[in-house]
Amino acid sequence: MDGLNDQRTARVADLLSDFRTLQYYITAAPIDPPDMDDYYTEGWAALRQCSLDGQHILNCAAETRVPRVRGGPEEQAKAELGQVLLDAYSRRHEAQKIYLRQAAAQRWIGWREHTLQGERPHTGHAEGLANCDRALRAELAQITDDSIYSDMRSSDYEMGRWTLEDPSLRQVQRWVRERR
């Protein structure tokens, strides 16, 4: 018994609160363009994929099998909290990735609107629209597990959160992979 179960519980609560906030933003993002001719454009396709990914991460089942440990109820609670911590941390990580992808796609919408200046796309817009698409692809490529993990760890540290037993990036990636 190490006496840290209160910190583990608080950490899980923080992670779940962050996840809930991210889910709120994910579900609030638009998925259909005002003009359905734009439905298959890169940014709108990315927004729809983010919505699907957000639903998936919300709906995927939690790991409920926790091995029995020796040492009594406190040690069992520690093991269970460790499993819940991995689940909550991984969900928050994946939700942050979805949120960042949505933000990039929404910036793309702004760039596209600026390029079109209220007109419908035509050949005169081809270069500008291609630039918008390239910028979106470049931004999406920068949203990596490594950068998200690092940014979230820094943010947690700056907020003074207890991070002593946070899972490694590899554990988070394994958790995500097992739920695809």
Side-chain angles (χ1 to χ4, degrees), residues 8-33 36 38-69 76-109 132-157 159 161-180:
R8 290 180 186 102
T9 301
R11 181 67 173 137
V12 167
D14 287 340
L15 293 167
L16 290 174
S17 176
D18 292 349
F19 176 67
R20 184 190 67 205
T21 300
L22 288 164
Q23 275 293 334
Y24 171 79
Y25 289 121
I26 290 167
T27 59
I31 58 171
D32 291 320
M36 292 310 285
D38 296 334
Y39 188 83
Y40 294 104
T41 55
E42 285 192 51
W44 287 106
L47 283 169
R48 283 190 302 283
Q49 186 60 53
C50 287
S51 178
L52 292 171
D53 293 345
Q55 280 299 315
H56 174 74
I57 201 66
L58 180 64
N59 294 332
C60 68
E63 179 60 64
T64 57
R65 297 173 301 197
V66 178
R68 289 279 172 218
V69 296
Q76 188 62 41
K78 177 182 174 182
E80 291 170 5
L81 284 167
Q83 186 65 42
V84 173
L85 180 81
L86 173 61
D87 185 271
Y89 196 98
S90 301
R91 286 176 196 272
R92 181 187 72 163
H93 176 92
E94 201 61 14
Q96 180 70 14
K97 186 187 321 182
I98 295 164
Y99 173 75
L100 292 174
R101 290 175 54 92
Q102 278 184 324
Q106 288 179 313
R107 279 188 293 281
W108 172 90
I109 291 170
C132 292
D133 291 345
R134 276 192 292 280
L136 173 62
R137 286 191 295 272
E139 241 190 283
L140 293 175
Q142 292 177 351
I143 301 170
T144 65
D145 284 334
D146 288 327
S147 65
I148 291 167
Y149 187 83
S150 176
D151 290 348
M152 298 301 284
R153 294 236 353 135
S154 294
S155 175
D156 287 338
Y157 180 77
M159 288 191 286
R161 291 179 168 177
W162 186 77
T163 60
L164 185 64
E165 295 182 358
D166 283 355
S168 69
L169 175 57
R170 300 301 166 245
Q171 289 172 302
V172 170
Q173 289 172 322
R174 187 176 327 114
W175 184 95
V176 171
R177 224 180 5 261
E178 290 171 355
R179 280 148 187 84
R180 286 200 175 132

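Applying the salt bridge (charged side-chain N to carboxylate O under 4.0 Å, His left out) test to D145 and every residue at least two apart in sequence or in another chain returns K97. Listed by chain and number, the residues in a salt bridge (charged side-chain N to carboxylate O under 4.0 Å, His left out) with K78 are D2 (sequence neighbours excluded). Among residues two or more places apart in sequence or in another chain, the side chain to side chain contact (heavy atoms under 4.5 Å, CB included) test is passed with T9 by L81. The salt bridge (charged side-chain N to carboxylate O under 4.0 Å, His left out) check on R107 picks up E139, with sequence neighbours excluded. Residues forming a salt bridge (charged side-chain N to carboxylate O under 4.0 Å, His left out) with R134 (at least two apart in sequence, or on another chain): none.
When all heavy atoms of V172 and S90 are compared, the pair lying nearest together is CA-OG, 3.7 Å. Minimum heavy-atom separation, G43 to W108: CA-CE3, 3.2 Å. Pairing each heavy atom of L15 with each of A88, the nearest pair is CB-CB, 3.8 Å.
Q23 and R20 share no side-chain donor-acceptor pair at under 3.5 Å.
Atoms CG and CG, from L58 and D53 in turn, are 12.5 Å apart once rounded to the nearest 0.5 Å. Residue W44 holds its CH2 atom at 3.5 Å from CD1 of I109, rounded to the nearest 0.5 Å. Interatomic distance, M152 CE to H93 NE2, rounded to the nearest 0.5 Å: 9.0 Å. Note that the CD atom of E42 and the CG atom of D133 stand 4.0 Å from one another [nearest 0.5 Å]. Considering CD of Q96 and CD of E94, their distance stands at 11.0 Å, rounded to 0.5 Å. Interatomic distance, Y99 OH to L22 CG, rounded to the nearest 0.5 Å: 7.5 Å.
Checked by atom type and distance alone, the side chain of S154 pairs as donor or acceptor with a backbone atom of S150 at under 3.5 Å. Judged by distance alone, with hydrogens and angles left aside, the side-chain atoms of T163 form no donor-acceptor pair with the main-chain N or O of D166 at under 3.5 Å. Side chain of Q102 to backbone of L47: no donor-acceptor contact under 3.5 angstrom is found. Between the side chain of H56 and the backbone N or O of R179, at least one donor-acceptor pair lies under 3.5 Å. Checking side-chain atoms of R48 against main-chain N and O of Y39 turns up a donor-acceptor pair under 3.5 Å.
In this structure, C50 and I26 have side chains that are not in contact, with every pair of non-hydrogen atoms separated by 4.5 Å or more. When side chains are defined from C-beta on, I143 counts as touching L140, because their heavy atoms get closer than 4.5 Å. Looking at heavy atoms from C-beta onward, R11 lies in side-chain contact with Y89 at the 4.5 angstrom threshold.
We find that D156 and R92 are joined by a salt bridge, their nearest charged nitrogen and carboxylate oxygen being less than 4.0 Å apart.
Within a 6.0 Å sphere centred on OH of Y149, other residues, nucleotides and ligands contribute more than 12 heavy atoms.
For residues 80-89, the pairs satisfying salt bridge (Lys or Arg N to Asp or Glu O under 4.0 Å) are D87-R91, with sequence neighbours left out.
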